[in-house]
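The block underneath contains the structure these notes are about, expressed in structure tokens.
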Number of protein chains: 2
Amino acid sequence: MNTTPTEQTIAAWARLLRVHTQWQEQVQSALKAADLPPLAWYDVLLELHRKRHGLRQYEIGERMLLPKHNLSRLLDRLEKEALVTRRTSPEDGRGNRVLITRSGRRLLQRMWPVYGRVIQECLGQRLTAAEVTTLAKLLDKLQQ
Amino acid sequence: MNTTPTEQTIAAWARLLRVHTQWQEQVQSALKAADLPPLAWYDVLLELHRKRHGLRQYEIGERMLLPKHNLSRLLDRLEKEALVTRRTSPEDGRGNRVLITRSGRRLLQRMWPVYGRVIQECLGQRLTAAEVTTLAKLLDKLQQ
DNA sequence: TTCACTTGGTTGCAAATGCAACCAAAACAA
DNA sequence: TTGTTTTGGTTGCATTTGCAACCAAGTGAA
């Protein structure tokens with residue numbers, strides 16, 4: 001079992017990190033320019049949007065790979081803006097169930113065009129469809 | 001000029017983000033477990049290690065894609081630990097030249113095995129050499 | 001039942017980040 | 001020269017993150 005990466009592996013690693021920070025920067029600055037909240041808000045709202053009956057907090061945390069205390073306060077902010085609601089969970093007295101509100105969905109709709117455009121500019125337009133598929137497959141192997 | 005990404009593009013995008021956060025988590029927790037400083041320290045030190053005559057602050061910032069105020073304070077921390085030194089630049093009276101110290105290099109050496117192992121586990125061992133090369137090429141197209 | 005252990009979530013405090021204003025040296029123009 | 005603009009870097013303040021301690025409900029064992 002080889003424990004030291006090859007040059008190529010290091011190169012791929014470094015490039016992924018770099019691409020990620022570039023993308024991050026592009027997205028956040030586009031959102032800010034459009035006077036919209038940060039990307040994390042979009043992620044939470046999208047997860048909730050997909051689930052008619054909302055999600056438990058820990059489920060959101062798992063999906064977003066976010067530590068729980070962090071998520072707890074992120075939801076505080078979203079709740080303060082009335083984008084989500086927390087209601088105490090019927091099935092488990094400790095936890096609560098988080099639901100997206102109508103204005104949460106509206107925000108999602110306003111954010112998508114901005115976000116989508118960046119995705120297209122940074123990724124969609126730079127690779128062919130075949131390359132995108134290859135990339136997606138390779139990244140899939142790296143997950144989990 | 002198409003401005004909305006395809007499903008495949010969105011999938012690839014989302015996977016890259018996810019892979020990145022997973023990697024990040026792996027690295028940081030491995031470093032912490034070995035009682036070592038965060039990854040950003042490694043990045044700075046490595047850049048400096050490669051340049052015998054050090055780097056200007058803004059050069060480090062460009063390489064790391066870090067906003068200048070952020071870098072300024074990161075260097076404060078490194079300097080406080082005597083891992084780098086700032087000396088006023090001879091060629092430009094405003095700026096300064098940053099150099100790695102002997103103990104900076106030592107730290108670099110202590111960090112690499114930990115970092116390298118994570119790279120190998122998260123990337124090197126999960127793809128074939130050919131796949132790594134393909135990935136590196138695709139990511140290269142996405143840079144800049 | 002009782003007592004320990006785990007799990008879901010929150011909170012206080014310290015450290016890191018983002019933003020905008022700032023300062024001084026350099027570059028440029030008149 | 002003087003005045004203006006740009007550039008390299010720092011600092012103050014607000015927001016966000018990370019860590020550890022905490023609380024209360026659930027689980028499980030004796």
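Here the structure is a predicted model, which is why all the values come from computation and not from measurement.
- One interatomic measurement links the two molecules: CG of B/N96 to P of C/dA25, which rounds to 14 Å at whole-angstrom precision.
- For A/S72, whose side chain is taken as the heavy atoms from C-beta onward, the closest listed nucleotide among C/dT17, C/dT11, D/dT10 is C/dT11.
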Query raised in the report: So B/R56 and B/E91, side-chain contact (heavy atoms from CB on, under 4.5 Å) or not? Walk me through it.
Result: CA-CA 10 Å; B/R56 299 293 308 275; B/E91 73 268 29; 3.8 Å; yes
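- Atom CZ in B/R94 sits roughly 6 Å away from atom C1' in D/dG8 (whole-Å rounding).
- Side-chain nitrogen and oxygen atoms of A/R77 include none within less than 4.0 Å of the OP1 or OP2 phosphate oxygen of D/dT15.
- Using cut-offs of 30° and 60° for the angle between ring planes, the A/W23 and B/W13 rings count as parallel.
- With D/dT10, C/dT11, C/dA26 as the choices, the nucleotide that has an atom nearest any side-chain atom of B/D92 turns out to be C/dA26.
- Under the side chain to side chain donor-acceptor pair (under 3.5 Å) criterion, A/E79 pairs with A/R86, sequence neighbours left out.
- For the pair A/G93 and B/Y58, nearest-nucleotide mapping onto DNA chain D gives the more 5' position to B/Y58.
- The residue among B/L74 and B/K68 whose nearest nucleotide of DNA chain C is located toward the 5' end is B/L74.
- At the phosphate of C/dG18, neither OP1 nor OP2 sits under 4.0 Å from any side-chain N or O atom of A/Q28.
- Under the 3.5 Å distance criterion, the side-chain polar atoms of B/R117 are left unmatched by any main-chain donor or acceptor of A/T4.
- What separates CG of A/N70 from P of C/dA16 is a distance of 16 Å, to the nearest Å.
- One interatomic measurement links the two molecules: CZ of A/R63 to P of C/dG8, which rounds to 14 Å at whole-angstrom precision.
- The phosphate of D/dG18 has neither OP1 nor OP2 within less than 4.0 Å of any side-chain N or O from A/R73.
- Across the protein-nucleic acid pair, A/H69 atom NE2 and D/dT17 atom P stand 9 Å apart, rounded to whole Å.
- Nucleic acid contact for A/R97: none, since no nucleic acid atom lies under 4.0 Å from a heavy atom of the residue.
- Contact between the side-chain N/O atoms of A/R86 and the OP1/OP2 oxygens of C/dG9 is not found at any separation under 4.0 Å.
- One atom, CG of B/L55, and another, P of D/dG8, lie 14 Å apart when rounded to the nearest Å.
- Protein atom CD of A/Q24 is 14 Å distant from nucleotide atom P of C/dT17, rounded to whole Å.
- Relative ring orientation between B/H20 and A/H20 is described as parallel, the plane-to-plane angle staying below 30° on a 0-90° scale split at 30° and 60°.
- Between A/L66 atom CG and C/dG8 atom P the separation is 16 Å, expressed in whole Å.
- Note on B/Q57: every side-chain N or O is 4.0 Å or more away from OP1 and OP2 of D/dT7.
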